[in-house]
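Note sheet for the following structure.
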Amino acid sequence: DAVRIRTAQNVGQLIQKVYATQQRIDEVKRRAEAAGDASIAGAAERLEATDGDALAVCEAWSDEETEALLVSRGIAMS
């Protein structure tokens with residue numbers, strides 16, 4: 001059973017860790033700060049960088065303990 005995350009605020013409320021590449025995290029944080037919400041509605045503290053590229057991040061999904069990944073739409077749809 002998966003919860004559909006619709007907003008960054010949902011992440012802060014429902015998810016403990018969101019795995020992503022450091023580059024993706026930096027990009028999202030820059031965009032959020034430019035939009036006036038550096039905390040990303042509480043989700044920024046949940047972001048955790050993993051070693052490797054986006055495909056390596058996706059491999060974390062096979063671990064049952066993984067709650068969420070932050071990847072591009074193209075990676076997510078593959």
Side-chain angles (χ1 to χ4, degrees):
D1 295 325
V3 175
R4 176 140 184 158
I5 303 298
R6 296 186 180 273
T7 66
Q9 186 176 15
N10 293 146
V11 173
Q13 295 168 342
L14 302 170
I15 305 296
Q16 295 302 308
K17 288 185 183 179
V18 179
Y19 297 102
T21 63
Q22 187 62 56
Q23 181 179 357
R24 174 71 56 187
I25 292 170
D26 293 343
E27 175 190 348
V28 167
K29 286 182 174 180
R30 272 193 306 275
R31 292 172 65 191
E33 187 171 348
D37 184 10
S39 76
I40 316 172
E45 64 190 38
R46 307 281 196 225
L47 301 174
E48 185 166 315
T50 60
D51 293 330
D53 60 10
L55 293 177
V57 171
C58 289
E59 290 176 8
W61 195 245
S62 64
D63 181 349
E64 291 182 15
E65 298 294 316
T66 299
E67 295 179 287
L69 304 175
L70 177 59
V71 295
S72 70
R73 182 173 294 177
I75 293 288
M77 294 179 73
S78 61

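On a predicted model such as this, the values are computed, not experimentally measured, just so you know. For the single chain, residues carry numbers from 1 onward in sequence order.
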Taking all non-hydrogen atoms of both residues into account, name the closest pair between [X] and [Y] and its distance.
X     : Y     : value
Thr50 : Tyr19 : CG2-CD2, 3.5 Å
Ala49 : Gln22 : CB-OE1, 3.1 Å
Ile75 : Cys58 : CG2-SG, 3.0 Å
Thr21 : Ala54 : CG2-N, 3.6 Å
Ala60 : Leu69 : CB-CD2, 4.1 Å

Could you give the distance from [atom1] ([X]) to [atom2] ([Y]), rounded to the nearest 0.5 Å?
X     : Y     : atom1 : atom2 : answer
Thr66 : Glu59 : OG1   : CD    : 11.5 Å
Ile40 : Leu47 : CD1   : CG    : 5.5 Å
Leu14 : Gln9  : CG    : CD    : 9.5 Å
Glu45 : Lys17 : CD    : NZ    : 13.0 Å
Ile25 : Arg46 : CD1   : CZ    : 14.0 Å
Gln13 : Thr7  : CD    : OG1   : 6.5 Å

**Item:** Co-membership, hydrophobic cluster, residues Leu55 and Val71, 4.5 Å side-chain
**Value:**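 Yes, Leu55 and Val71 fall within the same hydrophobic cluster.
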**Prompt:** If you count the non-hydrogen atoms of other residues, nucleotides and ligands that lie under 6.0 Å from CD in Gln23, is the total more than 12?
**Reply:** no
**Message:** Does Asp51, at its CG atom, have more than 12 non-hydrogen atoms belonging to other residues, nucleotides or ligands within less than 6.0 Å?
**Reply:**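 No, not enclosed.
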**Request:** Determine, for Glu33 against Arg30, whether the closest basic-nitrogen to carboxylate-oxygen distance falls under 4.0 angstrom.
**Result:** no
